[in-house]
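Chain letters run A, B, ... following the sequence lines, proteins first, then strands; residues in each count from 1.
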There are 2 protein chains.
Amino acid sequence: MRETEAKLVGELKGRGYRLTPQRELLLSVLEGSRKHLNAETLLERVHKVYPRANKSVVYRNLELLADLGLVSCVDFGHGRVEYEVHRHPHHHHLTCRHCGRMLEVRSGAFAQLQQQLHQDYGFNADMDHLAIFGLCQACSEKADPRHEHHPHALQGMGF
Amino acid sequence: MRETEAKLVGELKGRGYRLTPQRELLLSVLEGSRKHLNAETLLERVHKVYPRANKSVVYRNLELLADLGLVSCVDFGHGRVEYEVHRHPHHHHLTCRHCGRMLEVRSGAFAQLQQQLHQDYGFNADMDHLAIFGLCQACSEKADPRHEHHPHALQGMGF
DNA sequence: CCTCCTATTGCAACTGGTTGCATTTGTATC
DNA sequence: GATACAAATGCAACCAGTTGCAATAGGAGG
C-alpha cells in the first residue's frame, strides 16, 4: 500500500505532475479493492470522502495513472471499462461473449506473441491492456453449431 | 460481391432474419469500400441512397452482421469503432498509442496464442476482433526512456 | 392478393466517457 | 509566508453508441 503510494508520489513529482488529494484518493480506493472497479463505482467511493469530486477528474486521472503504468484498464465489452491497480503485471483476461464470465490467465503465449511482434515488426505491444473475447469452455460445449447464433442473443443475454 | 450478398441472404433467412433494404445497403456500402469505415461515415453513405436511414439501425445491423461473421469491427482507441467486411479472415491490427498509426499484420503467433488458450483453458478466442496497442518501431526509437511520458501527451496528440 | 405475426425500423431519451474553458490550487522561488 | 505560473479541477456541453417503445413492413400461409 504505502509502497505504491510512494511510487506514485515519486512518479508524479519526477515528471512534473502534482500530488492532489483527488489523485491520492483515487489510487487508495483502487488499492483498497481487490476487484476491478468501473469509473462509476470509483467515483461513488471517492465521493464519500471528497463529495465535490467530479467524473471528469476521475477519468482524467485514471488515464494518467494508466499511462504511468500504475493502474491498468480493461474493456470487457460490457459497456464500461474496468480499472485495477497494476499489481499482477502479466495477467490477461479472457471474456466469454456468451455468458459474460471472465477468466484471469497467465500464459506464456502472450509473452511469445509480444516477442514475435517485436521481432517481426519492431512493435512494442502493451500486452497488459489486452482483453480477449471468445467462448469459454462451457459455452463452447453447449453451443450447437447449427444454432450458434440465436436471434437476439445479444440483446436478451442479460448483460 | 454477389457471393457475399448470397451468403448474407442465406445466413439471414436460414436463421429467421429478414432481408431489409437497410441491411443490404449497409453491406454493399461496406463491400464498396476497401478501408475500414466508422459508423458515422457508413451512415452518411447509406443516407445518400436511403435518406431516412437512422443511426440505431446502422449500429444494430452492424452488430448483427458482425455476429454472423460477415463484418468485423475493431476498436482502434480513437473514439470510434471501425467496421469492414470480413474478407481477410486472419489479419490483426497493431495500433501505435503515440503516433496513432495502424499496422496490419498476419503473424502465426496469433494462431499460436489462440491454440494455447484453447489447450490450456478450453477458451475459443475470437482473434479476428483483436486490436493491439503499443509503440511502433519509429516511436519506440524516438522515445527517451526518461521522458517516455510527456505531460498531456494524450490530449495534445491530435487524434 | 390479403392477413397476420413478429422482426425491424425510426425516434427520442439515455449512458459512459471526453473536451473546452474559466477557476482553483500545488509547488517552486523568492 | 507571499507571488507567480502552470497543472489540475469543476462544470457544462458535447460525442459515440445503446435502449425502450410505438409504428412499420417482410414474408409465410391462406
Integer-rounded Å distance: D/dA8 P and A/Leu68 CG:
10 Å
If you apply the rule side chain to side chain contact (heavy atoms under 4.5 Å, CB included), what do you find for B/Phe110 with A/Leu117, and how did you get there?
CA-CA 10 Å; B/Phe110 287 96; A/Leu117 294 176; 4.1 Å; yes
Can you see if the side chain of B/Gln22 gets near the phosphate of D/dA25 - specifically, an N or O under 4.0 Å from OP1 or OP2?
no
Under 4.0 Å between any heavy atoms, over every strand shown, what does A/Asn61 touch: base, sugar-phosphate, or nothing? Just pick one.
sugar-phosphate
Whether A/His92 side chain and A/Ile132 backbone form a donor-acceptor pair below 3.5 Å:
no
Shortest non-hydrogen pair, B/His93 vs B/Glu84, comes out as CE1-OE2, 3.8 Å
Rounding to a whole Å, what distance do you find between B/Leu19:CG and D/dG27:P?
6 Å
Please determine, for the side chain of A/Arg80, which listed nucleotide (C/dG17, C/dC21, C/dT9) has the closest atom?
C/dG17
Looking only at side-chain atoms of B/Ala39, point me to the closest of C/dG20, C/dG10, D/dG17.
D/dG17
Round to the nearest Å and state the distance from A/Leu12 atom CG to D/dA7 atom C1'.
12 Å
Residue met sooner reading DNA chain C from 5', once A/Lys13 and B/Lys55 are mapped to nucleotides:
B/Lys55
Out of D/dA7, D/dG10, C/dG10, which nucleotide sits closest to the side chain of A/Arg18?
D/dA7
Please report, rounded to the nearest Å, how far the P atom of D/dT18 is from the CG atom of B/Asp67.
13 Å
What is the distance, rounded to the nearest whole Å, between atom OH of A/Tyr17 and atom P of C/dA28?
16 Å
What is the minimum heavy-atom distance between A/Leu27 and A/Leu65, and which atoms define it?
CD1-CD1, 3.8 Å
In whole Å, what is the span from the OH atom of A/Tyr50 to the P atom of D/dA8?
14 Å
Please determine whether a side-chain nitrogen or oxygen atom of B/Arg52 lies at a distance below 4.0 Å from atom OP1 or OP2 of D/dA25.
yes
Under a 4.5 Å cut-off applied to non-hydrogen side-chain atoms, are A/Leu26 and A/Val57 in contact?
no
Round to the nearest Å and state the distance from A/Asn38 atom CG to C/dG16 atom C1'.
10 Å
Taking atom C1' of D/dT9 as reference, at what distance in whole Å does atom CG of A/Leu62 sit?
15 Å
Strictly below 4.0 Å: does B/Tyr59 bring a side-chain N or O up to OP1 or OP2 of D/dT18?
no
Out of C/dT8, D/dA8, C/dT19, which nucleotide sits closest to the side chain of A/Arg23?
D/dA8
Check if the side chain of B/Arg60 and the base of D/dG17 share a donor-acceptor pair of N or O atoms closer than 3.5 Å.
no
Hey, does A/Ser56 reach any base, or is it just sugar-phosphate, or nothing, if we go heavy atoms under 4.0 Å?
base
